[in-house]
Protein chains: 4
Amino acid sequence: MFILINLKTYVCDPIEIAKAANSISNELDVRIAVAPQVIHLKEVVETGVETWAQHMDKEGEKVRTGTVTSAGLSEAGVRGSLLNHSEHRLLLAEIDESIKEASEAKLETVVCANNPSQIAAATSLDPTFVAVEPPELIGSGIPVSKAAPDIVRDAVESAGKVNPKIPVLCGAGISNGEDVSAAIELGAEGILLASGIAKSKNPQKSIEDLLSGI
Amino acid sequence: MFILINLKTYVCDPIEIAKAANSISNELDVRIAVAPQVIHLKEVVETGVETWAQHMDKEGEKVRTGTVTSAGLSEAGVRGSLLNHSEHRLLLAEIDESIKEASEAKLETVVCANNPSQIAAATSLDPTFVAVEPPELIGSGIPVSKAAPDIVRDAVESAGKVNPKIPVLCGAGISNGEDVSAAIELGAEGILLASGIAKSKNPQKSIEDLLSGI
Amino acid sequence: MFILINLKTYVCDPIEIAKAANSISNELDVRIAVAPQVIHLKEVVETGVETWAQHMDKEGEKVRTGTVTSAGLSEAGVRGSLLNHSEHRLLLAEIDESIKEASEAKLETVVCANNPSQIAAATSLDPTFVAVEPPELIGSGIPVSKAAPDIVRDAVESAGKVNPKIPVLCGAGISNGEDVSAAIELGAEGILLASGIAKSKNPQKSIEDLLSGI
Amino acid sequence: MFILINLKTYVCDPIEIAKAANSISNELDVRIAVAPQVIHLKEVVETGVETWAQHMDKEGEKVRTGTVTSAGLSEAGVRGSLLNHSEHRLLLAEIDESIKEASEAKLETVVCANNPSQIAAATSLDPTFVAVEPPELIGSGIPVSKAAPDIVRDAVESAGKVNPKIPVLCGAGISNGEDVSAAIELGAEGILLASGIAKSKNPQKSIEDLLSGI
């Protein structure tokens, strides 16, 4: 089970959330990671929590300006990066090249996709995880595991046909333990969530509530 | 066997090429299509040759300005469209949505990709064809079937694992019958080519030469 | 006075609109142009009406696939191209390079922009015209000349400070003669409009109605 | 005089460079800022040196994933951001909106552009500074102030006509004091440089050398 908390550009306290996630992760022995804005990555790494980037740019062979590199993430102790989040979509070729660059830098990757056929495509590119998130449910508070269970089930099946070793995360609208247990029943091996924690007045309690579903 | 001639933005006579392709196609009973610039699409359709677009935009739900729509192509008698050519790369989600829009408009699609894993990804999205074109060989005159036979062979295998009904075209550097027969031996069921015909002083002869390899 | 009718991707009869625009243009001696989808450009040119493209790609030095080139437009008898429409926004550098390529190919350009400071920026790049279109009013049926007269007045002033020889067109929500005369009073030397004609059941009558405002 | 050192994605020690820049800035009373990769921004701020971002994303009204926000930069003590670097080009409308968002967050901006007419356009959008950098000279080691003095002189003149209060920085190929003094003679009020410092074995000495030209 892998819980990845995407803080997006929400106004929130990434350190408070990181500390809460870290202590619960240690206590319950569940893998929980936090993906803050890149400007907060180093501080979040220092809390001890598993830390992910929300996006990583393909470096290619040229020096560039204003991009987030695999080398920079790796050196900072970041564990992996989301790629192709529906709020940061990438070219097919960029996803492919970014996964390869991440892998060379010993970074894990979660490639997001909207539906089962895109999940199969993403799985073909050999990331560490894929995450299915129907864009219309992101930030909606309506859990994909209830609103569109077939999409989750079909995504798990699609990914499994391509490569059964790549786990599928379930995203979009997940906010409590009930949603999490529904996702697990549908075959998801992890959860990608954002507003449910980032906008919570009590992140510690919200994360505990999530984990009650495992 | 499917030969798709991409005229790109080359300065050439699309009508002369279309007529040559059409007469050879009829004579030898081989499927040959021409993809001119969009401004020439209607004239090329009128020659009777099978006509393809070089690119099609996803329409989505909003009216747009300056895009090429599936409705426009379909109405004009165009048969299909290239998508994600390495000179016109698309977001993963755009490829998916464009294939669906094309299919609804009864248009075929060829999705281009750089390497076997991208070919598997493209095949997952259920286009009519996929085409493998290593970008470094495009326009090089060095045939992929000789320079990188493993890429073609692996692309055919990758696509076959995902969906054996979707034929793989071989592109990049193909210019004569020998290249074509090499591609066929590697498992390709068609050829995507450009400069070999578009820059030829005698397109009729160049197309005939290509077909000598079948 | 210059009336530029952008047909966008609307389902409409471009030839009927072109013929109506052409006959009224000749009759009233007013400059009226039609910008159809690129697939219809050649047919629209043949009606005799002044014909514009909705978008033109920067060619650069490389051959490309699926783009609309200045050479292609020029050869087809097209008079000019919209650039940076709010439904087809461009990089600052692309606008600059496209204006230069258009100019070398003897094509005119209308660069669209959202507000007075962008209009000043666009004017600095030396296009033939600039067009101010607040995005929130596009397709709204609410004429910019009424909803936001200050934007039009300020755009005319901004452009004038940079280069008083470059006329400002007024776009967004224009549909009748009253809107046109309001735009002229605010300093516009032309009109860019779309749905008011493209969605009209009687384009001839709608164009005549527009011109009653001059 | 303003010296802005862009560390791009170069492998270098941003803290060493920041400390050197800070001590020389204090000693000589010259404004010097360092723009590290975003992951290093907070550490660089802590050295006391004036710190800039290499890029900032327009936030708009929606929450986003994997972007660099004006709020995040401002809260971290960053002073400003480069926008539209030739390695990170932006839409005209994005530049406009980003300058406004930066200004609301009390951040300064340097908008990069390739040539005098783009400089005039950038100046119209009211950034704090503009920087002229012919792309072909970036990273070349050939100083723009020698290779293309007219571009610098014309850029200063272009910007001055639009708004004489916005200073012009000179970039591309600057690496020593002689280049800097040539740029000042051409009317530049600052320098944007990168490889000359970021790839230097002795950044302290390289910065001192630069300042010998003032």
Side-chain angles (χ1 to χ4, degrees), chain A residues 55 58 60-61 82-103 109-128 130-136 138 151 154-164 166 168 171-172, chain B residues 55 58 60-61 82-103 109-128 130-136 138 151 154-164 166 168 171-172:
Chain A
H55 170 69
K58 166 181 85 81
E61 288 164 22
L82 285 169
L83 291 173
N84 196 45
H85 189 278
S86 76
E87 293 159 7
H88 211 133
R89 283 175 166 177
L90 299 176
L91 302 178
L92 171 61
E94 282 178 331
I95 302 171
D96 182 33
E97 293 159 28
S98 295
I99 290 171
K100 283 171 184 151
E101 289 191 10
S103 176
T109 44
V110 167
V111 177
C112 301
N114 303 350
N115 57 41
S117 59
Q118 287 179 30
I119 282 288
T123 306
S124 300
L125 302 174
D126 207 24
T128 320
V130 290
V132 60
E133 290 202 307
E136 62 277 15
I138 292 178
I151 290 182
D154 292 352
V156 171
E157 192 186 323
S158 288
K161 277 188 191 160
V162 176
N163 185 345
I166 296 182
V168 179
Chain B
H55 169 69
K58 166 182 86 80
E61 289 164 22
L82 285 169
L83 291 172
N84 196 44
H85 189 277
S86 76
E87 293 158 7
H88 212 131
R89 283 174 166 178
L90 299 176
L91 302 177
L92 172 60
E94 281 177 332
I95 302 172
D96 181 33
E97 293 159 29
S98 294
I99 290 171
K100 284 172 184 148
E101 289 190 11
S103 176
T109 44
V110 168
V111 177
C112 300
N114 302 350
N115 57 40
S117 59
Q118 286 178 30
I119 282 287
T123 307
S124 300
L125 302 174
D126 208 22
T128 320
V130 290
V132 60
E133 290 203 309
E136 63 278 15
I138 292 178
I151 290 181
D154 293 352
V156 170
E157 192 186 323
S158 288
K161 277 187 192 160
V162 175
N163 186 345
I166 297 181
V168 178

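In what follows, chains carry the letters A, B, and so on, assigned in the order in which the sequence lines appear, proteins first and then strands, with residues in each chain numbered from 1.
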* Structure fact -> Comparing B:S158, B:S117, B:S86 against chain A, the one with the most heavy-atom pairs below 4.5 Å turns out to be B:S117
* Asked: Do B:L92 and A:L90 touch side chain to side chain, with heavy atoms closer than 4.5 Å?
  -> no
* Structure fact -> Cut-off 4.5 Å, heavy atoms of chain B, and the answer for A:D126 is neither
* Portion of A:I95 that has a non-hydrogen atom of chain B nearer than 4.5 angstrom -> side chain
* To do: Measure the spacing between NZ of A:K161 and NZ of B:K161 and express it to the nearest 0.5 Å.
  => 15.5 Å
* **Donor on one side chain, acceptor on other, A:N114 and B:D96, under 3.5 Å** => no
* Structure fact -> Taking every heavy atom of B:A93 against every heavy atom of A:Q118, the minimum-distance pair comes out as CA-NE2, 3.7 Å
* Structure fact -> Shortest non-hydrogen pair, B:L91 vs A:R89, comes out as CD2-O, 3.6 Å
